[in-house]
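Remarks on the structure that follows.
Values below: all heavy atoms of this structure, side chains included; hydrogens, waters and symmetry mates excluded. Labels below follow one simple rule: chain letters A, B, ... track the order of the sequence lines, proteins then strands, and each chain is numbered from 1.
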Amino acid sequence: MLLPIEEYRMSFPVQTIRHSYSHVMAEAVIKLHPGTKVAIGPAIDDGFYYDFLFPEALQPDDLPAIEKEMRRIISANVPFNRVEVSKAEAKAMFADEPFKLELIDGLEDGTISIYEQGVFRDLCRGPHVDTTRDLKPDAFKLRAIAGAYWRGDEKRPMLTRIYAYAFGSKADLEAHLKLLAEAEKRDNRKLGKELGLFSTHEEAGPGLIYWHPKGGRFRVELENWWRDEHYGNGYEILFTPHIGKSWLWETSGHLGFYKEGMYSPMEIDEDDYYIKPMNCPFHIMIYNNDVHSYRELPLRWAELGTVYRYERSGTLHGLMRVRGFTQDDAHIICTPEQIEDEIAEVLRFSLHMHKTLGFKEIKAYLATRPAGNGAVGDPAMWDTALESLRKAIGKEGLAYEMDEGGGAFYGPKIDLKVKDALGREWQLTTIQFDFNLPERFDMTYVDSDGQKKRPYMVHRALLGSIERFFGVYLEHTAGAFPIWLAPEQAVVIPVGPDFADYAATVAADLKKAGVRVKAMLSDERMNAKIRDAQNQKVPYMLVVGAKERDEGTVAVRVRDGRQLPAMPVAAFVEMVQALVRERSLEL
RNA sequence: GCCCUUGUAGCUCAGUUGGCAGAGCACAUCCAUGGUAAGGAUGAGGUCAUCGGUUCGAUUCCGAUCGAGGGCUCCA
């Protein structure tokens, strides 16, 4: 198909467009802030950034001027020219740019490409658009300034990064800004506050979650379901201590390779005890308490285990990144012959759980043995493990990506990411082989030939952590939970004070039937109560007046605005019970 | 931890070019008899994050600390 000329001009890949914008921004910055050194400026998912070293600190107020200068450059229709030079020539050209010199030193010998537009030139592999006219003056927006270490290394200088959104057209930019506005409305911290679900308290310690009554309702329902599903799928549930003596963590190796993630020890009877960052060593203590026959395997042991990990203060974020959290952990201990079926089963189980929660799109990321000699375990075991992971993915027909060398030193893994209602991906599930701990704790089972053998051990968390899952689910549902997880399932609203008694009776009947309900009997007007209930995302609002009282019915308003025909109280109870039983996602 | 921003009532936010601290919502009391997204009046509520400095005087300016927000390879 032939495109009009203008369409051709726009048909550069968006990554190329973003990268060209970043050069334009660098030109603008150099012009407005002479003496600034440039570092790197790549395209990213929704735009681009460029890292600079400014002679004086850049303020957010400086961004509009930069944006304006960029528009001027764009409308000036400046061509991008590619120039090829030798390494020595390049070093001469960028003699004043220490970061560029370092980059040049890192390049292979041979020709080096430079891109020039106007007075600005940059070391760059390219490609770029033809001229600045291929960029739209209204399809980008400078977003924020942020600190970023040169080459991501905290031992190197802190540079100033300018982030920007950039797209091929104004419409795409606006659509993206709209998505961001929607995401902001769903922010777990905001909804947690508005819906009275949880809080954090700086005076009591950041990164620690306080679950309020309504958050507690959600959690109890979620955990009850989780336990039922685990018992129904061949798991046993464990409870283990929150602290353990240093012997445990020395044996596990955590004090060797995970110490920065652990809190300082407390001394009890002259021994050092550490609060647990992981549950695995405790589960192994239970395993090693007895001699195990191959006949007992596989063992699937799960625990809602609360762990504490040190996270740097700058990384804490609402429910998503905290310092104390409850993993929905499990360890599967099995023979080599069983491993393939066990992996397939845990993957099937994960997908079943996610589907029940309403996640439709799920993608797998398969991480293999890291390069170098840091990895533990026999390469043959890695191969078997990887094969079982790959087969399980194939069996479930799951889309997946390879993450070569992305495995932990102790084993390969599958991570599952779910796509939420806004199309964002969240990692929840991780299924990891562990070739390290069985060795360190000398775990064994007696095989059919009477020999002691080493079992396979797999860690897995389905929801990840209850806290983080709560955050993801809040953002996915915007706080409008399915009925079985809703902290309040219904409210009863009398149209006036005369009907308060009937409203109270209805609420009492519903409560007796197991419905989470509250009668709204304050002296507010009915409209105000409906508004409150809507804002609290209560699934059902039961409005009662003379008609309902006389007929023993309720008028049902649904959270989505639908109005159901008036029904007897018993019929409403039946409806709710059926939806809860089915864990329906619809009301 | 580091860079930038930021901290005023339970919540969302104004404000003081350094001179008695403000609004809306929420809360309390009263009035209002009401049918599907905010009825009205009155009242209570703050050591302006904390500590120090400058100043006749600091919530305001400066510094430090603590927290929060946006970032800084990976990881629940």
Side-chain angles (χ1 to χ4, degrees), chain A residues 49 51 54 57-62 143-163 187 189-190 193-194 196 199-207 258 260-261 277-279 305 307 309-329 367 370 403 405-408 413 415 426-430 432 459 461-469 471-472 493-500 522-535 541-548 555-559 561-563 566:
Chain A
Y49 68 79
D51 286 346
F54 286 92
L58 190 76
Q59 301 299 316
D61 303 347
D62 295 324
R143 167 155 65 111
I145 63 181
Y149 296 103
W150 169 233
R151 304 202 132 173
D153 181 346
E154 42 192 284
K155 291 182 192 69
R156 319 230 26 203
M158 173 67 72
L159 306 176
T160 301
R161 175 170 298 178
I162 303 179
Y163 278 101
D187 188 294
R189 295 161 299 184
K190 190 171 143 83
K193 210 177 264 185
E194 287 172 2
S199 58
T200 56
H201 300 272
E202 57 174 279
E203 65 275 36
Y258 197 71
E260 322 74 62
M278 294 183 191
N279 303 300
V307 299
R309 297 181 185 175
Y310 175 71
E311 295 285 353
R312 296 188 296 177
S313 61
T315 63
L316 299 176
H317 185 90
L319 288 169
M320 300 303 195
R321 183 159 236 98
V322 295
R323 285 179 172 164
F325 55 99
T326 301
Q327 290 182 304
D328 70 320
D329 207 358
D403 181 5
K413 64 171 180 176
D415 289 336
W426 300 97
Q427 188 198 322
L428 298 178
T429 302
T430 185
Q432 307 187 349
H459 308 264
L462 298 188
L463 306 176
S465 81
I466 302 295
E467 285 76 6
R468 187 175 135 90
F469 172 76
V472 169
I493 300 174
V495 300
D498 284 353
F499 313 103
S522 77
D523 51 9
E524 290 291 336
R525 297 186 66 203
M526 179 198 66
N527 281 340
K529 292 175 187 175
I530 287 177
R531 182 172 191 274
D532 282 352
Q534 283 289 155
N535 287 338
M541 284 147 272
L542 309 179
V543 178
V544 296
K547 187 165 173 290
E548 289 75 17
V556 182
R557 180 192 164 105
V558 189
R559 176 172 65 193
R562 277 147 61 217
Q563 182 70 42

Answer yes or no: side-chain N or O of [X] and base N or O of [N] forming a donor-acceptor pair under 3.5 Å.
| X | N | value |
| --- | --- | --- |
| A:Glu548 | B:rG35 | yes |
| A:Tyr310 | B:rG1 | no |
| A:Arg525 | B:rA37 | no |
| A:Asn527 | B:rU36 | no |
| A:Arg156 | B:rC72 | no |

Taking the basic N atoms (NZ, or NE/NH1/NH2) and the acidic carboxylate oxygens, is any pair closer than 4.0 Å for A:Asp153 and A:Arg151?
no

Of the listed nucleotides B:rG70, B:rG1, B:rG35, the one nearest the side chain of A:Arg312:
B:rG1

Listed nucleotide nearest any side-chain atom of A:Ile145, set B:rC4, B:rU33, B:rG70:
B:rC4

Considering Watson-Crick and G-U wobble pairs with both distances under 3.5 Å, what does B:rG7 pair with?
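Its partner is B:rC66.
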
When both distances are under 3.5 Å in a Watson-Crick or G-U wobble arrangement, the nucleotide paired with B:rU47 is none

What interatomic distance, in whole Å, is found between [atom1] of [M] and the corresponding atom of [N]?
| N | M | atom1 | result |
| --- | --- | --- | --- |
| B:rU47 | B:rU60 | C1' | 15 Å |
| B:rU73 | B:rG57 | P | 48 Å |
| B:rU6 | B:rC13 | P | 14 Å |
| B:rA68 | B:rA49 | C1' | 11 Å |
| B:rU8 | B:rA21 | C1' | 9 Å |
| B:rC20 | B:rC30 | P | 36 Å |

Gap between atoms [atom1] and [atom2], on [X] and [N] respectively (whole Å):
| X | N | atom1 | atom2 | result |
| --- | --- | --- | --- | --- |
| A:Arg323 | B:rG1 | CZ | C1' | 11 Å |
| A:Arg531 | B:rU36 | CZ | C1' | 14 Å |
| A:His317 | B:rG69 | NE2 | P | 7 Å |

Within the 4.0 Å heavy-atom criterion, would you say [X] contacts the bases, only the backbone, or no part of the nucleic acid?
| X | result |
| --- | --- |
| A:Glu260 | nothing |
| A:Leu463 | nothing |
| A:Leu58 | nothing |
| A:Lys529 | nothing |

Is there a side-chain contact between A:Tyr258 and A:Met278, using heavy atoms and a 4.5 Å cut-off?
yes

